[in-house]
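Below, each value reflects all heavy atoms present in this structure, side chains not excepted, and no hydrogens, waters or symmetry copies.
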Amino acid sequence: MHNLLKGKRGIIFGALDSKSIAWKVAERAHEEGATFVLTNAPVAMRLGTIKELAEKTGSEVIPADATSMMDLEVLVDKAVEILGGKIDFVLHSIGMSVNVRRGNHYTNQDYNFTKTGFDVSALSFHRVMSMLHKKDAMNEWGSIVALSYMAAQRVFPDYNDMADNKAYLESVARSFGYFFGIEKKVRVNTISQSPTPTTAGSGVKGFDGFIAYAEKMSPLGNATALECADYTISLFSDLTKKVTLQNLFHDGGFSNMGVSNPIMENFMSTFEHESDTIEETDK
């Protein structure tokens with residue numbers, strides 16, 4: 001390891017289990033010399049194994065509902081107290097859609113579910129930064145990162161209202177990042193990660209198809225959760241001090257592709273098979 005985060009303090013949101021990107025980030029941050037607190041909503045903590053991660057990384061866990069300003073105030077105060085100073089890095093890795101879980105089509109949403117998903121997945125990012133800003137809890141040249149997905153820019157039909165949530169998340173990063181940069185020299189970015197097999201992502205209809213398609217489309221293949229963690233660590237480090245207001249695609253090149261040879265070959269093979277079937281039927 002390179003001690004890229006030696007002496008740095010952080011808060012990591014959203015580590016549910018060992019499949020979580022946030023889990024991998026915590027492991028890598030620990031390896032690079034950082035100290036941090038872990039946090040998740042109480043209900044998520046009951047479902048996951050975050051205490052195992054806390055023991056492994058020598059971290060404390062502070063339960064907090066990221067939609068509650070009261071919880072976030074307690075979280076920030078305790079984090080600064082436990083870590084012995086202001087915060088250098090924050091990871092926001094939170095997202096969920098009740099509409100997706102309930103199988104509601106995008107064109108027929110339950111809007112109460114929509115509001116809940118928006119609050120948890122997107123507005124929580126604004127809330128987190130608002131509390132950090134209000135408390136003056138970030139060190140200069142600190143770094144805040146949230147995880148996004150390319151459905152914020154392009155249509156993935158089954159990603160449902162999560163696409164809207166990610167679009168708002170990225171906008172908040174730019175807008176709040178401006179003020180955090182001007183006033184505190186704090187960087188704010190989002191990472192648009194390849195579709196990654198996590199516990200949260202598995203709830204999206206056709207997610208295995210997303211993964212397989214992106215793998216064939218991307219010249220470097222899909223980025224893994226561990227590779228995303230490495231990229232996140234670089235954004236937390238002092239090596240990226242002038243990177244801010246960016247949505248950074250970490251997807252093996254997928255975001256700049258029109259079509260790849262493997263995808264075209266698969267399409268043509270299917271097309272030729274269907275044409276042969278039609279000809280046989282016409283005879």
Side-chain angles (χ1 to χ4, degrees), residues 5 8-30 34-98 100-101 112-113 115-139 142-147 162 165 169 172 176 188 198-203 225 229 232 236:
L5 303 184
K8 293 190 181 296
R9 311 176 185 96
I11 302 174
I12 296 177
F13 287 80
L16 181 67
D17 55 36
S18 59
K19 293 181 180 179
S20 306
I21 292 174
W23 186 290
K24 304 294 185 187
V25 171
E27 289 179 329
R28 289 292 292 111
H30 175 65
T35 56
F36 47 85
V37 297
L38 300 166
T39 184
N40 214 327
V43 62
M45 288 176 60
R46 290 194 294 273
L47 295 172
T49 53
I50 194 171
K51 290 183 179 179
E52 177 186 326
L53 178 63
E55 292 175 5
K56 182 177 182 179
T57 59
S59 306
E60 290 198 35
V61 180
I62 305 173
D65 178 349
T67 68
S68 165
M69 294 301 283
M70 186 179 299
D71 279 14
L72 290 175
E73 182 171 17
V74 171
L75 169 65
V76 171
D77 286 344
K78 282 189 175 181
V80 171
E81 178 185 347
I82 290 168
L83 298 172
K86 291 186 179 183
I87 306 303
D88 296 292
F89 63 87
V90 176
L91 175 68
H92 180 284
S93 180
I94 307 170
M96 73 93 171
S97 167
V98 187
V100 168
R101 289 181 181 177
N112 287 321
F113 293 163
K115 290 175 184 176
T116 298
F118 170 73
D119 202 13
V120 171
S121 307
L123 192 58
S124 64
F125 190 40
H126 194 288
R127 291 178 186 271
V128 167
M129 288 196 286
S130 178
M131 187 55 66
L132 291 165
H133 185 270
K134 176 184 175 183
K135 292 283 186 177
D136 191 23
M138 294 293 297
N139 272 322
S143 176
I144 301 172
V145 173
L147 300 183
M162 277 302 299
N165 295 336
L169 182 89
V172 167
F176 216 120
V188 182
T198 63
T199 300
S202 64
T232 304
F236 288 163

Shortest non-hydrogen separation from Ser93 to Leu147 and the atoms involved: OG-CD1, 3.3 Å
Sub-4.5 Å side-chain heavy-atom contact between Val145 and Phe89: no
Note, Asn139 side chain near Lys8 side chain (heavy atom, < 4.5 Å): no
Test item: Thr35 side-chain N/O and Arg9 main-chain N/O as donor-acceptor pair under 3.5 Å: no
Residue pair Ser130, Met69: steps toward the side-chain contact (heavy atoms from CB on, under 4.5 Å) verdict: CA-CA 9 Å; Ser130 178; Met69 294 301 283; 4.2 Å; yes
Spacing of CG belonging to Asn165 relative to CD1 belonging to Ile94, to within rounding of 0.5 Å: 12.0 Å
Residue Glu60 excluded, over 12 heavy atoms near CD under 6.0 Å: no
Spatial distance of atom CD1 (Ile62) from atom CG (Asn40) [nearest 0.5 Å]: 12.5 Å
Within-4.5 Å side-chain heavy-atom neighbours: Leu123 and Thr67: no
Nearest non-hydrogen partners of His30 and Lys56, listed with the distance: NE2-O, 3.8 Å
Interatomic spacing from CG in Leu169 to CZ in Phe118 - rounded to 0.5 Å: 10.0 Å
Heavy-atom check, side chain of Phe176 versus side chain of Val188, under 4.5 Å: no
Approximate separation, where rounding is to 0.5 Å, of Arg127 CZ and Asp71 CG: 10.5 Å
Heavy-atom check, side chain of Glu52 versus side chain of Asp17, under 4.5 Å: no
Heavy-atom side-chain proximity of Ile144 to Val128 below 4.5 angstrom: no
Closest non-hydrogen atom pair, Ala15 against Ile50: O-CD1, 3.6 Å
Minimal non-hydrogen separation, Ala26 against Ile12, with atom names: CA-CD1, 3.6 Å
Atom pair CD1/CZ of Ile82 and Phe36 - distance to nearest 0.5 Å: 13.0 Å
Val172 and Met129, any side-chain heavy atoms less than 4.5 Å apart: yes
Main-chain N/O of Gly117 paired to Ser97 side chain as donor or acceptor, under 3.5 Å: no
Leu53 backbone acceptor or donor facing Thr57 side chain under 3.5 Å: yes
Side chain proximity check, Ile21 to Lys24, heavy atoms < 4.5 angstrom: no
Heavy atoms of other groups near Lys86 NZ, more than 12 under 6.0 Å: yes
Closest approach of Ala79 to Val37 (non-hydrogen atoms, all atoms of both residues): CB-CG2, 3.8 Å
Derivation of the side-chain contact (heavy atoms from CB on, under 4.5 Å) call for Asp88 and Phe236: CA-CA 8 Å; Asp88 296 292; Phe236 288 163; over 6 Å; no
Value rounded to 0.5 Å, distance of CZ in Arg28 from CG in Leu5: 8.5 Å
Considering all heavy atoms, the nearest Ser121-Met162 contact: OG-SD, 3.5 Å
